[in-house]
Amino acid sequence: MLNAKFDLMPESAPSLRSHILVSNHEMRPLAAGALYWEAEDTLLVADLHLEKGAAFAALGMLLPPYDTRTTLERLHKVIRAVTPSRVVALGDSFHRSHLAESLAEDDLAMLIRLQQGREWYWICGNHDPHLPTCIGGTVCTTLTICGVTLRHEPSENGLAREIAGHLHPVARIARRGSVIRRRCFATDGNRLIMPAFGAYAGGLNVLDEAFGSLFLRNQLEAWMMGRADVYPVLGSLLLPG
Amino acid sequence: MARPYELAAFLVPHKGQTTTRLAEIVTAREGAKADISILKSRVELPWAGHSARYALPEIYETIRAHRMSLMFVNTRSQAEMLFHELWRYNDENLAIALHHGSLDVAQRRKVEAAMVAGKLRAVVCTSTLDLGIDWGDVDLVINVGAPKGASRLAQRIGHANHRLDEPSKALLVPANRFEVVECQAALEAAEEGAQDTPPSRPGALDVLSQHVLGTACAGTFDPHRLYREVVSASPYQGLTREGFDKVVEFVTTGGYALANYERYARLKRTPDGRYRVAHPRIAQQYRLNVGTIVEAPMVRVRLARLKGGALKPASMLAPSRVLGEVEEYFIEQLMPGDSFVFAGEILRFEGWRELDAIVTRAHTTEPKVPSYEGGKFPLSTYLAERVRLLLAEPDSWSRLPDQVSDWLRFQADVSVVPGPDEILVETFPRGKRHYLVCYPFEGRLAHQSLGMLLTRRLERAGAAPLGFVANEYALAIWGLNDMGEMVRTGRLDLAKLFDEDMLGDDLDAWFASSSLMKRSFRVCAIISGLIERRYPGQEKTGRQMTVSSDLIYDVLRQHEPDHILLRAAFADAATGLIDVGRLNRFLQRIRGRIRHIALSQVSPLAVPVMLEIGRESVPGEASETLLRETAEELIVEALSGHAQRKV
């Protein structure tokens, strides 16, 4: 009989790749859903959707008001771990622009504390086109670092060298009859779409039409978020839905 | 009636919490005893499965010999399968119809009208036709599969011949050997007139929330008077004023410890202390969401024509009519190309078009049977006990057909047949997996909970469990590592595995990640008005406009684990999805009586559960392992050329 342990869980498993190449720059995806660009000491996060709970409450759906706190705490953990000198939020940081002004006092204090000792950029998204100054940081529409453009919505240009958010990619795989669905970093080597970071941000399958022609299909990879690792999965292994 | 006093209390209003009034109880004279028999098949009884396919020729003959037969099955997939198969035998073109809750409404109404008009010879149906309504002149009830409970069976049989003084005629068709035992137990229970309706539960807080909001929408309300009215209803008799105020607070501002939502309050206080809705929009939302039945998220199944017969991508198929709806999570398990039976046809899943599942007619005769929504009705405690006793006593096997008693004797040879108070644990390899099967005979609910808790413990022990299946009699867990070997080498202690302490921390920790709890929470969130239902036409914007209840659950549990809605979800789960009380009694019963048998292959007794449907996947290490494997596949492919193409 086969040694099951050897057969199914090879101990000499090749180690996972730890870096995504975006236009030949090495980026390290973190299991928390943030991307760390070591060479530039820059941390990227997308689609925080802060105050999404409050936005729903205003419409009569009184969702638990702890989403902003949860998201900020997650962000705090990542920042404490990598201590970047620059943080860029790739848009839809707030679910509604005006809700940034009525952020709860301790949430605002936490946000300001996170910004201390580092550059902080808010890229505008479709949800938060007009961010107020009270939240600190520099507001911009795009930001280009070393030829890589950081923006909220991915551009139409099929070969753009850019990192964007907006689409909340998730990937699904089936393995031995189990289906696993996770937020993911989606990339074809030129472009990278970040997973949504916010506690109440949902997801859209990377094979959905909305991702249409963004990627060179034969080079698509989904880096799926695990507990502590991020797992690179070949595009051809992904399932729709 | 199993508990006449419970119903008598339910029917009348009460004054205060201490005195319970009862409605008058009238005892009717006994009706004619029902004429129940178990199908004595001439062919070999299946070892496993739920199709009852083996009995089809005999069922067909029985239908021919009666005016109109009502054929009850326990799941929609069973109904689909049997309907499909019956028509293959239907040389005489008898009018046989299909009726279940997933079919298009128009189609269901047509079947109902034909029944009333006496135009049908048989209807294959699920519990949609279970309750009280009289559908035409039925002279035979056929119950396919496990009867599940004595009262349930009596209810179904009552559909045949409505005159109290003439016997109702019923035929029980067990689908496998285990079900023969259960049918025999149910038949003996029916002869004694035993009843086993599950006890009613205290009123749910999510339902009360909806009622409070609805009362405010209908006009203003005085909280003191509304409280008095609520506790006059039997299910809410035990509700304290404090508990009621918490519900009102929940309806008003969400009832969170972090009082952020005063400005968004849905109810406003009037100067005289009454409550009214803050905005007409709230009343409008209420009207759209009213109701306490919450369906699992469904997707439309849309049939596409294959132009020219060639296999084309889903996006190139021309979609035509909608066949009905199935649970989203069922379709999510399918790969394009998988075939399944739905709406009486064998269909091939092609892919998604927006939120419709696109299917084509499949040209196969062996479909992958749908596993959506397994049996909803658990085996009653009462019937489970009768089954256990029947099995444990070899002398009583003579009351069973020879095939079944032979099967039990075969089990006794290969492994053992568990005694009345012990638990049998078998381990064996199969395919690429290793299995652990145990036989608590405590019903599906308790087994599901046990499965969740045991897999957590097995995960800690390093067995890398991947999932489990539970049926009424047994629980099978599979994993990557050989659990029998682990027991032999002392790395796994079964006494510790089945220790009662699992109902402490493990039970609590399970709730953190359980998809059962998330499902239960979603239902409470919708009923209580926290999130809105999805309506046809809204799906397209759905993903952006709604927040997944799973995400809300995670956040709420982390920050306010004692919130009223989590308590409501727990109460629902404790009665509906888990059965902690029953599990506790079981663990006490088997303490020190665990019997482990290591086998090289499936035992006769294990076969039914191995083919059982509907399973709960295990979050955690196992899915990390699978992710890692898939990622490694990338590396292998990278070595074989993919990476070179990229440069």
Side-chain angles (χ1 to χ4, degrees), chain A residues 1 4-5 7-10 13-14 16-17 21 52-54 56-67 69-70 104 168 172-182 189 199-205 208-209 218-219 221 223-224 226-229 231-234 236-237 239-241, chain B residues 250 253-254 256 258 260-261 263-264 266 279 281-282 285 331-333 335-336 351-352 429 432-434 464 466-467 480-482 485 529-532 543-544 546-548 551-552 554-556 558-560 563 617 620 622-635 637 642 645-646:
Chain A
M1 202 178 112
K5 195 169 163 67
D7 179 33
L8 299 168
M9 299 178 71
L16 295 167
R17 281 184 290 155
L21 274 184
K52 185 165 180 176
F56 273 76
L59 298 171
M61 274 173 283
L62 304 167
L63 304 188
Y66 305 106
D67 57 316
R69 175 47 60 97
T70 306
H168 303 201
R172 238 161 53 92
I173 56 166
R175 195 76 191 170
R176 300 198 213 177
S178 306
V179 172
I180 302 171
R181 185 178 191 269
R182 294 287 168 84
Y200 283 167
L204 186 64
N205 194 302
D208 190 274
E209 278 172 25
N218 58 349
Q219 294 185 9
E221 285 175 9
W223 291 62
M224 297 173 72
R227 256 192 215 160
D229 291 307
Y231 301 95
V233 173
L234 202 63
S236 58
L237 298 175
L239 294 180
Chain B
F250 167 76
T253 60
Y256 302 107
L258 178 65
N260 259 9
Y261 287 167
R263 62 201 148 141
Y264 304 129
R266 294 193 292 185
H279 194 280
R281 192 187 58 235
I282 305 293
Q285 278 169 353
I331 291 284
E332 278 183 351
Q333 297 294 320
M335 306 268 277
W352 295 86
K432 275 189 159 188
R433 290 169 173 165
H434 292 274
L466 281 172
L480 296 173
N481 293 337
D482 186 343
E485 177 71 9
L530 184 75
I531 57 173
E532 298 191 309
R543 285 189 206 265
Q544 284 82 41
T546 61
V547 182
S548 132
L551 297 175
I552 297 172
D554 287 339
V555 168
L556 187 56
Q558 185 189 340
H559 289 271
E560 203 172 330
H563 189 264
S617 66
S623 53
E624 292 291 310
T625 306
L626 296 180
L627 274 167
R628 187 171 286 277
E629 273 185 10
T630 314
E632 280 157 9
E633 222 161 275
L634 175 77
I635 295 161
E637 276 200 51
H642 171 76
R645 270 205 315 274
K646 248 175 94 175

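Numbers restart at 1 for each chain; the letters A, B, ... are given by sequence-line order, proteins then strands.
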Please rank Ala54(A), Ala104(A), Gly53(A) by heavy-atom pairs under 4.5 Å with chain B and give me the top one.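 Looking at each of Ala54(A), Ala104(A), Gly53(A) in turn, Ala54(A) comes out on top.
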Are the side chains of Tyr66(A) and Gln558(B) in touch, meaning some heavy atoms are under 4.5 Å apart?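 Tyr66(A) vs Gln558(B): side chains apart.
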To the closest 0.5 Å, what do you measure between CG (Leu62(A)) and OH (Tyr256(B))?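 Interatomic distance, Leu62(A) CG to Tyr256(B) OH, rounded to 0.5 Å: 6.5 Å.
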To the nearest 0.5 Å, what is the distance between CG (Leu556(B)) and OG1 (Thr70(A))?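 Here the rounded value is 10.0 Å.
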Steps toward side-chain contact (heavy atoms from CB on, under 4.5 Å) verdict (Ile531(B), Leu63(A)): CA-CA 8 Å; Ile531(B) 57 173; Leu63(A) 304 188; 3.8 Å; yes
For the student: nearest non-hydrogen atoms of Ala199(A) and Val555(B), plus distance: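 Closest heavy-atom pair between Ala199(A) and Val555(B): CB-CG2, 3.8 Å.
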I'd like to know if the side chain of Tyr261(B) and the backbone of Ala58(A) have a donor-acceptor N/O pair within less than 3.5 Å.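 Not confirmed, Tyr261(B) side chain does not pair with Ala58(A) backbone.
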For Leu530(B) and Met61(A), run side-chain contact (heavy atoms from CB on, under 4.5 Å): C-alpha distance rounded to whole Å, both residues' side-chain angles, the deciding distance at 0.1 Å, then the answer. CA-CA 5 Å; Leu530(B) 184 75; Met61(A) 274 173 283; over 6 Å; no
Below 4.5 Å from any heavy atom of chain A, which atoms of Leu258(B) appear? Answer side chain, backbone, both or neither.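 Answer is both: backbone and side chain atoms of Leu258(B) are under 4.5 Å from chain A.
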